[in-house]
Amino acid sequence: MKLVRLWIFLAMTVFGLSQCNLSKNGGEEPAPDPNVSKTELLAGKSSKAWVLTASKINGSDVLGQSIPCVRDNNMVFKTDKNYEWNEGATKCRTQDDQVFEKGTWAFNTAETELVLNNETNYKILKLTENTLQVSYTNVFGETLEMTFKPN
């Protein structure tokens, strides 16, 4: 079952959503407020939904392979250290469950990695109010880089 979840997650990285959301200051985001914890940046005050906006495998953009029914899928992080992947507003198949994966999340001690289900570590490349960017090297040696924006 863990392998199935991993494959679902990997498939979600390939079939992401392409958006362009530049800020008013030339595309650069302001530095995070040092008084805001990483938990609050990731999960908000109680929960925060993120949608995949960019996905690369070994540096190559793979968003051109996306299919419409997965473009609005959300990854929701909650302050109680639980997360879920859900179908968003549209499903690929109507009989699919709205939530297709649930689990727990944590940061490593240095808060430089996001750990899902105590087994998969994603290196945090960027975590701000408006951007979550992580990377992961899979069992095939491929480096997956994913960028999410709040939904």
Side-chain angles (χ1 to χ4, degrees), residues 1-22 27 29 32 36-44 46-151:
M1 188 63 166
K2 290 179 183 179
L3 186 57
V4 170
R5 287 187 201 146
L6 177 62
W7 280 109
I8 289 172
F9 187 76
L10 294 175
M12 296 306 300
T13 64
V14 172
F15 303 114
L17 167 68
S18 178
Q19 294 179 356
C20 182
N21 186 10
L22 298 177
E29 287 187 55
V36 177
S37 70
K38 287 197 175 185
T39 296
E40 192 170 339
L41 289 172
L42 182 67
S46 63
S47 69
K48 189 172 184 178
W50 296 87
V51 65
L52 187 65
T53 60
S55 183
K56 296 178 181 179
I57 297 178
N58 292 334
S60 297
D61 185 7
V62 293
L63 283 176
Q65 300 173 21
S66 66
I67 56 176
C69 62
V70 298
R71 292 182 183 165
D72 66 346
N73 290 3
N74 293 288
M75 188 164 213
V76 180
F77 291 95
K78 301 175 184 180
T79 55
D80 67 0
K81 304 292 184 171
N82 287 296
Y83 78 92
E84 66 182 39
W85 269 109
N86 74 63
E87 289 284 348
T90 58
K91 295 180 180 182
C92 293
R93 298 179 325 163
T94 56
Q95 67 269 27
D96 289 345
D97 291 334
Q98 183 65 33
V99 175
F100 57 85
E101 180 179 331
K102 290 182 179 183
T104 59
W105 70 269
F107 292 118
N108 67 343
T109 304
E111 294 188 330
T112 58
E113 293 182 342
L114 178 61
V115 183
L116 299 184
N117 298 320
N118 294 319
E119 62 188 35
T120 309
N121 293 35
Y122 295 87
K123 180 179 177 185
I124 298 172
L125 304 175
K126 184 175 184 179
L127 177 56
T128 67
E129 182 79 22
N130 296 312
T131 303
L132 168 61
Q133 186 177 31
V134 297
S135 69
Y136 168 76
T137 302
N138 66 22
V139 296
F140 305 108
E142 299 170 318
T143 299
L144 309 172
E145 186 177 304
M146 299 160 284
T147 304
F148 298 84
K149 299 289 181 191
N151 189 23

Tyr83 OH to Leu116 CG distance, which is reported to the nearest 0.5 Å: 5.0 Å

Residues that Glu111 engages under side-chain contact (heavy atoms from CB on, under 4.5 Å), provided they are two or more places apart: Lys38, Phe107

Residues which pass side-chain contact (heavy atoms from CB on, under 4.5 Å) with Thr90, listed by chain and number, not counting sequence neighbours: Asp72

Which atom names give the shortest non-hydrogen contact between Val134 and Phe148, and what distance separates them? CG2-CE1, 4.4 Å

SB check Glu40 Lys48 (cutoff 4.0 Å): no

Pairwise side-chain contact, Asn117 with Lys102, heavy-atom cut-off 4.5 Å (strictly under): no

Please give me the minimum heavy-atom distance between Asn118 and Val115, naming the atom from each residue. CA-CG1, 3.8 Å

Would you find a donor on one side and an acceptor on the other, under 3.5 Å apart, between the side chain of Gln98 and the backbone of Gly88? yes

Give me the atom names and distance for the closest heavy-atom approach of Glu87 to Asp97. CG-O, 3.4 Å

Show the nearest heavy-atom pair for residues Ser55 and Asp61, with the distance to one decimal. O-OD1, 3.2 Å

How many angstroms lie between CG in Leu42 and CE in Met75, if you round to the nearest 0.5 Å? 9.0 Å

Taking all heavy atoms of Leu127 and all of Leu132, pick out the closest pair and write down the distance. CD1-CD1, 4.0 Å

Asn58 and Gly141 have their tightest heavy-atom pair at OD1-O, 4.2 Å

Less than 4.5 Å apart, any side-chain heavy atom of Val70 and any of Cys92? yes

Taking atom types as modelled, find out whether Lys149 and Thr131 have a side-chain donor-acceptor pair closer than 3.5 angstrom. yes

Begin from the C-alpha positions of Asn108 and Leu114 and carry the test side-chain contact (heavy atoms from CB on, under 4.5 Å) through to its verdict. CA-CA 7 Å; Asn108 67 343; Leu114 178 61; over 6 Å; no

Which value, rounded to the nearest 0.5 Å, describes the distance between Trp85 atom CH2 and Asn73 atom CG? 7.0 Å

Short side-chain donor-acceptor distance under 3.5 Å, Tyr136 and Glu145: no

Is there a donor-acceptor pair closer than 3.5 Å between any side-chain N or O of Lys91 and the backbone N or O of Asp96? yes

Quick one: salt bridge (charged side-chain N to carboxylate O under 4.0 Å, His left out) partners of Glu113, sequence neighbours excluded? none

Check the angle between the aromatic planes of Trp105 and Phe77 and answer parallel, tilted or perpendicular using the 30° and 60° thresholds. perpendicular

Can Met146 and Tyr122 be said to form a side-chain contact (heavy atoms from CB on, under 4.5 Å), step by step? CA-CA 10 Å; Met146 299 160 284; Tyr122 295 87; 3.7 Å; yes

List the steps, then state whether side-chain contact (heavy atoms from CB on, under 4.5 Å) holds for Ile57 with Thr143. CA-CA 6 Å; Ile57 297 178; Thr143 299; over 6 Å; no

Show your reasoning for whether side-chain contact (heavy atoms from CB on, under 4.5 Å) applies to Thr104 and Asn82. CA-CA 4 Å; Thr104 59; Asn82 287 296; 3.7 Å; yes

